[in-house]
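This report refers to the structure that appears directly beneath it.
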Amino acid sequence: MLENQFNFALALPEIVLCILAIGILLLEAFTRSKDSSLSYIMSLGTLVLLSLISLYQWNAGLNGMTFYGQYVADPMAHFMKIVSYLAVMATLVYSRQYLIDRHMVKGGEYYALTMLALLGQMVMISASSMLSIYLGLELMSLALYALVAVRREHLGSIESSMKYYVLGSLASGFLLYGISMVYGATGHISLAGVASVLSSGAYNQMALMLGAVFVVCGIAFKLGAVPFHMWVPDVYQGAPTAVTLTIGAAPKIAALAITLRLLIEGMNAVSISWQPMLIILAVLSLAIGNLTAIMQTNFKRMLAYSTISHVGFVLLGLLSGVHSDGQLATGAYGSALFYMVTYVLTTLASFGIVLILSRQGFESEEISDLAGLNRRHPLLAFAILILMFSLAGIPPLVGFYAKLVVLQAALAAGHIVLTVVAVLFSLIGAFYYLRVVKVMYFDEPAKNVPEIGTQLSFRSGVLSVNGLLIVLLGLLPGGLMAICVQVIDASLKFN
């Protein structure tokens, strides 16, 4: 580990992104282009550059802690950042035409805010103290609040932005209050210091327990777990679809990162105080997410409740690692990371297709808008079929293996009842995924749906690669799963 307390080489990705994000904002001020094409190209170039930097750091073993314990670079951080870069890259490609059709690219705010939100996510992923976790979270959240309202003439977007802002501020208050209580109980702000004090037993137990409750509540909001899920369906439905994809993909990786850092690395010694909370959150998320999704007619809102149910599976993987020995715990946390990565991959394609189906003056948001899609565009219909089957957990797609490894971790940890509950609600959830397939293949096409273009584009190529990965990772999941377990084992200190 490197001891230099101002080792800027470790934080090179964040430094580069900060400079280039400001550059993107200034670029539009001087060029004033109508479609912000330069900002789009510069954003993609930035993401490619960041991917190369993080890959080099990971391959070169450039790990360490710097800025007086505020920042850590480790294999888990490098891996999660690379996944975030790729997710944002796909988001920008899928969203490009949608933004142009709705005149949302003028001024370049979308690209600058997306890059700043990514910067916040990167700080969250590499945070090694409660202070840097909170700073990264607020940087990401403020950018996302603004993004939801970027379509200023659309009342639904403004309403969603206000709801997101108010509820997000409340959740940030919960998390900050919890952090202050943990600091008061242990006298440390760094996660390593907190873990050391908790292991020694020299802390104020009452203050620590109260702090743990508020910390878990704040984390649950950012993940979108029940009962802190109220914002998810409203924001997913009300925000422009391009922004919905921005919120629903890469930020989930960062939310999982701070969960692992705070609970597993920092507060693992007192897991007996927060594991029961995760059990309740997981069961409620699986139940409410799947049961409520059945009643939805809006495709984006259905996917929002689907997200909530998938968060339940991620939490199941996390809680299964508690009180397990080293290998079982690493496998459980690795299964949660694998599940989140593959979920993000599937979400990108799902909302990407919604963006492709949308046209100027037409939002392809209702499930009924997909009626007869197989007759109009068989390839897109087949792509949605693959995605719905993967989300439902049908083999041989990656969603099946993701659910399987989490359930195996839960069984290995002795959570037999939780495993049965998860399987039952997954079976219930399969209904609303299969309903989408039924609408596409057996319902009559709506008369007012615009024609779908058949021309090849860069966006079509990205979607093809996205869908191919979902199939290939279902057939050959071992490589990605091994990477997830490896980075967890090399980075988290929870023994």
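Predicted, not measured: the structure shown is a model, and the values here were computed from it.
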(request) Ignoring hydrogens and angles, state whether a donor on the side chain of Thr347 or Tyr343 is under 3.5 Å from an acceptor on the partner side chain. (result) yes
(message) Closer than 3.5 angstrom, by distance alone: can the side chain of Ser51 be matched with the main-chain N or O of Ile82 as a donor-acceptor pair?
(response) no
(message) Is it the case that the side chain of Thr66 and the backbone of Asn7 share a donor-acceptor pair, with hydrogens and angles ignored and the cut-off at 3.5 Å?
(response) yes
(request) Mark yes or no for whether Ser161, through its side chain, and Tyr145, through its backbone, hold a donor-acceptor pair below 3.5 Å. (result) yes
(request) Using side chain to side chain contact (heavy atoms under 4.5 Å, CB included) as the criterion, point out the one residue from Leu380, Val436, Asp443 that pairs with Leu370. (result) Val436
(message) If we count only N and O atoms by modelled type, under 3.5 Å, do the side chains of Tyr94 and Asn466 hold a donor and an acceptor together?
(response) yes
(message) Salt bridge or not between Arg301 and Glu366? Use side-chain N to carboxylate O under 4.0 Å.
(response) no
(request) Check for a donor-acceptor pair, side chain of Ser157 on one end and backbone N or O of Ala149 on the other, with a separation under 3.5 Å. (result) no
(message) For Tyr236 and Tyr305: C-alpha separation, side-chain torsions, deciding distance, then whether ring-ring contact (aromatic ring centres under 6.0 Å, His included) applies.
(response) CA-CA 10 Å; Tyr236 272 46; Tyr305 282 106; 9.6 Å; no
(message) Whether the side chain of Arg261 engages the backbone of Ser128 through a donor-acceptor N/O pair (distance < 3.5 Å, no angle test) should be reported.
(response) no
(message) Between Ser285 and Ala225 (side chain of the first, backbone of the second, donor and acceptor by atom type, cut-off under 3.5 Å), is there such a pair?
(response) no
(request) Ignoring hydrogens and angles, state whether a donor on the side chain of Ser172 or Tyr134 is under 3.5 Å from an acceptor on the partner side chain. (result) no
(message) Measuring only between side-chain heavy atoms, which start at C-beta, is Val465 closer than 4.5 Å to Leu468?
(response) no
(message) Would the distance check show the side chain of Gln57 and the main-chain N or O of Ala9 forming a donor-acceptor pair, the cut-off being under 3.5 Å?
(response) yes
(message) Here's one to test your reading of the geometry: is the NZ or CZ of Arg96 within 45 degrees of the ring axis of Tyr40 and under 6.0 Å from its centre?
(response) yes
(request) Could you check if a side-chain atom of Ser36 sits within less than 4.5 angstrom of a side-chain atom of Leu27, using non-hydrogen atoms only? (result) no
(request) Output yes when a side-chain donor or acceptor of Ser491 lies under 3.5 Å from a complementary backbone atom of Met76, and no otherwise. (result) yes
(request) Would you check if there is a donor-acceptor pair between the side chains of Tyr71 and Ser129 at a distance under 3.5 Å? (result) no
(message) Does the Lys NZ or Arg CZ of Arg102 fall within the cation-pi geometry relative to Tyr98 - under 6.0 Å from the ring centre and within 45° of the axis?
(response) yes
(request) Measure the spacing between CG of Leu17 and OH of Tyr85 and express it to the nearest 0.5 Å. (result) 7.5 Å
(request) Please round to the nearest 0.5 Å and tell me the distance separating atom CG of Leu119 and atom CD1 of Ile19. (result) 11.0 Å
Quiz: residues 426-434 side-chain donor-acceptor pairs under 3.5 angstrom, not counting sequence neighbours:
unit_1: Ser426; atom_1: OG; unit_2: Ala422; atom_2: O; d: 2.9
unit_1: Tyr432; atom_1: OH; unit_2: Asn290; atom_2: OD1; d: 2.8
unit_1: Tyr433; atom_1: OH; unit_2: Ser306; atom_2: OG; d: 2.4
unit_1: Tyr433; atom_1: OH; unit_2: His310; atom_2: NE2; d: 3.1

(request) Give a yes or no answer on whether the side chain of Ser390 reaches the backbone of Leu387 with a donor-acceptor pair at less than 3.5 Å. (result) no
(request) Classify the side-chain pair His78/Asn59 by whether it contains a donor and acceptor separated by less than 3.5 Å. (result) no
(message) Can a side-chain donor-acceptor contact be found between Lys252 and Thr307 if the only test is distance below 3.5 angstrom?
(response) no
(message) Is any side-chain heavy atom of Leu262 closer than 4.5 Å to one of Val216?
(response) no
(request) Measure from NZ or CZ of Lys403 to the centre of the six-membered ring of Tyr339, then state whether that distance is under 6.0 Å and the direction lies within 45° of the axis. (result) no
(request) In sequence, state the C-alpha distance, the side-chain angles, and the governing distance for Ser84 and Ile125, and then conclude on side chain to side chain contact (heavy atoms under 4.5 Å, CB included). (result) CA-CA 10 Å; Ser84 299; Ile125 289 170; 3.8 Å; yes
(message) Just to verify, which of Val487, Leu318, Thr259 counts as forming a side chain to side chain contact (heavy atoms under 4.5 Å, CB included) with Tyr333?
(response) Leu318
(message) Does Met162 have more than 12 heavy atoms from other residues, nucleotides or ligands lying within 6.0 Å of its CE?
(response) no
(message) For Asp74, is there any backbone N or O sitting under 3.5 Å from a side-chain donor or acceptor partner on Trp58?
(response) no
(message) Surrounding OH of Tyr441 (heavy atoms of other residues, nucleotides or ligands, distance under 6.0 Å), is the total greater than 12?
(response) yes
(message) Distance alone, cut at 3.5 Å: any donor-acceptor contact between the side chains of Ser141 and Lys222?
(response) yes
